[in-house]
Structures are given as C-alpha cells and as structure tokens.
2 protein chains.
Amino acid sequence: MGGRLRRLSDRIDRDAKSIYEKMGVEFEQRWFPVFNCLRGGEALSVTEISDRLGISHVSVSVTRKSLEAAGLVTSTQDKSDGRRSVLALTSRGETLSMELGPLFAALDLAAADLNADAGNAITAIERLEKALDTKSLSERAGLFLKES
Amino acid sequence: MGGRLRRLSDRIDRDAKSIYEKMGVEFEQRWFPVFNCLRGGEALSVTEISDRLGISHVSVSVTRKSLEAAGLVTSTQDKSDGRRSVLALTSRGETLSMELGPLFAALDLAAADLNADAGNAITAIERLEKALDTKSLSERAGLFLKES
DNA sequence: GACATATTCGTAACCAGTTACGTAATGATA
DNA sequence: TATCATTACGTAACTGGTTACGAATATGTC
C-alpha cells in the first residue's frame, strides 16, 4: 500500500521532469515547491518554507543549496535573528519565474484535468491524510488484533 | 503533488513499521510484498515476483538478499534455466508466516477500515493510476500550453 | 556448430525525502 | 549576568525505490 503510493509519486515526478526536458528548460522538478514559495518576491526563512510546505527543514535546506548553486536564489542572514537565513529569488530567478509562468499554469491545469479524470483523487488523498490523523494505521490494526 | 504522495506513503510505511516494533516481532515492513508472494509455499523466480508486484527486479533482488540474511528465504538455481534463481520460504520463514498471519489479517482489515474512513481513497488512487496510463501529465500540460 | 539476440539477475550510482545529532543564536529565569 | 531551554539550521547516514550497465545463460537462425 505504502509502496504503491511511492511508485505513483515517483511516476508523477518523473513525468514532470520530462516536461522540463522536452521544453529545453533548465529547471529541476525538486526545486519547484521551494521556488514556488519564493515567486512573487517574498523573502522567507528556511523554517517558514518548510512549515508552509509541510516538509522537514532539512529538505528545504538541501534544495536551497541546489538553488543557490544554480544562481536562482540568494540567502542573507536575518539581522534581528542571526540564526535565520532568509531566502529570496535572484534577478535570474525572477526572470526564470516569469518565463516558466505559463508552464507552471499549464501544469496546474493538467493536474486539475487529471484530478477530474480520476474522480477527485486529490480530495480522496486529503481525506486519507485526515483519516490517518484521527486514527493511525497501527491503532486500527491493534483493535482488530484484540478482537480475534 | 508527487512529493505529497511520497510523504503519505512514507507515513504509512513508518506506521506499519511501528506495529511490528510494538508487537516485538522481528519483521521489516519492506520485506512484506516479497514475503507475502512466497507465503503458502509457492516458489517463484525474481522476475516472476517483480512482475506480480509491478516493481523492478532490482528491488526484489535487494529485498531477497535481506530476507536470505534473515534466514527466512532460500534460493536455488533453476535446473532447466540456469539464469533463474527460484525463491521459497525456509521452514523458519513458514513458521513466521503462520505467526504473522493474524497480524497481516488485522493490517488488511485496518487498511479496509482506513479506506472506508477516507471514502474509498484507494479506489481513487487506482483511478489516478489509470488516468495517468491513458494520458500522461506531460501530455496534458502540453495541450494546455499550446492553447495559450 | 557458431554467432547474434534476448532474458535473468546482480552491482553501482542516484533520488528526494527522512531521522539523528551537533552547533550557533536567542530567550527566559534565577 | 550566568545558565538553561528552545529555536534555526546544517551535515551525515539511512530508506526504498529507481535507472544504467554488465555478466551469465538461453534461444533462434544461418
């Protein structure tokens, strides 16, 4: 079950990757979530981004390094809190953001299209997440075990 | 989107893992798919298993090594085809299979329970897989791009 | 029987996430 | 002000999958 979801996610990621390749754009799919947070000029710290995306700060940290290496993002130390490192798009990043705008929009539409085809699978996944929040798989299994 | 699914799958895997730990059973979640194929005494080759599970033979190969190291599975070279390596449960594997039977059944029920709570999320995921089969995300996005 | 092609499987390298743990900066409290 | 807890972030190791590639065996054709 878990593995199945993983494979599905891998598939989607690979598919998205192939789009950038086909279009000859130098953009890596794994950059997207962080990059997207910074689009529009907002400057955010690592933790702020990880909170927004619901992933670990480590994951953001790694993506950030890659984005900095690509010259799309810069970081500056927060003056009022030396622990925080604040990220923002470079001008090159902004330019790319503009260029990629239509593609991102198309991907959005494609996702919506897919979701419609699949009978609101995304909503179902959200429900799955919520159902797990209220009662974990292990709790559920524990109950069934005691019964037998 | 892809990442989100991945995290969900990780969560389920970790949850399943915690069950084995709680019950004090020495069984790793990643063993399950291959182990389950071999339950009931059937002997299968690496490729047969990977086909059944819809995963790469490499993944099966790695799991196999781990299962052999744990003494739960043995492999013998096929006499009529020297390339094939045929896997089967050892007697220890069979014993464990019996012991774990109720737990596996409980997990099955738990998954069904979860699915019901989530309004047939699993069916939705299946639909998502099918929808991707008929038209990939990149194809869909390509269409929307041309329109604009 | 020899050679080209296909199949089975394994090793190595990679991927995007994670946890575990350490460090530096901040904040709170005595 | 000294110390202790908390917070922000980074590095390292691991996870469960993948692709790329190579070796051994089998198969088909001349």
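In the text below, chain A, chain B and the rest are named by the order of the sequence lines, each starting its count at 1.
With rounding to the nearest 0.5 angstrom, the OG1 atom of A:T74 is 8.0 Å from the CG atom of A:L89. B:E26 contributes atom CD, which lies 9.5 Å from atom CG of B:L96 (distance to the nearest 0.5 angstrom).
Dashed line: the shortest gap from a side-chain N or O of A:K65 to OP1 or OP2 of D:dT11 is under 4.0 Å. Distances shorter than 4.0 Å separate some side-chain N or O of A:S56 from OP1 or OP2 on C:dT18. In terms of phosphate contacts, A:S59 brings no side-chain nitrogen or oxygen within less than 4.0 Å of OP1 or OP2 of C:dA16.
Nearer the 5' end of DNA chain C, as judged by each residue's closest nucleotide, is the contact made by B:V60, out of A:G54 and B:V60.
B:E68 and B:S75 are linked by a side-chain donor-acceptor pair at a separation below 3.5 angstrom, with hydrogens and angles left out of the test. Between B:R84 and B:T47, the side chains place no donor N or O within less than 3.5 Å of an acceptor N or O (distance only, hydrogens not considered). A donor and an acceptor atom, one from each side chain of A:S66 and A:W31, are located under 3.5 Å apart.
Rounding to whole angstrom units, NZ of residue A:K17 and P of C:dC14 are separated by 12 Å. Put simply, NE2 on A:H57 is 10 Å from P on D:dA8, counting in whole angstrom units. The distance from atom CD1 of B:I12 to atom C1' of C:dT18 is 16 Å, rounded to the nearest whole Å.
Using a 4.0 Å heavy-atom distance criterion, B:V58 is classed as a base contact.
The closest donor-acceptor contact from the side chain of A:S61 to the backbone of A:H57 lies at 3.5 Å or more, if one exists at all. Checked by atom type and distance alone, the side chain of B:Q77 pairs as donor or acceptor with a backbone atom of B:G82 at under 3.5 Å.
Remark: B:S80, B:D81, B:G82, B:R83 in residues 66-88 of chain B come within less than 4.0 Å of DNA chain D through at least one heavy atom. If you check residues 45-53 of chain B against DNA chain C, the residues with a heavy atom closer than 4.0 Å are B:S45, B:V46, B:T47, listed by number.
Every ring-ring contact (aromatic ring centres under 6.0 Å, His included) that B:Y20 has, sequence neighbours left out, goes to B:F27.
When all heavy atoms of A:V25 and A:L100 are compared, the closest pair comes out as CG1-CD1, 3.4 Å.
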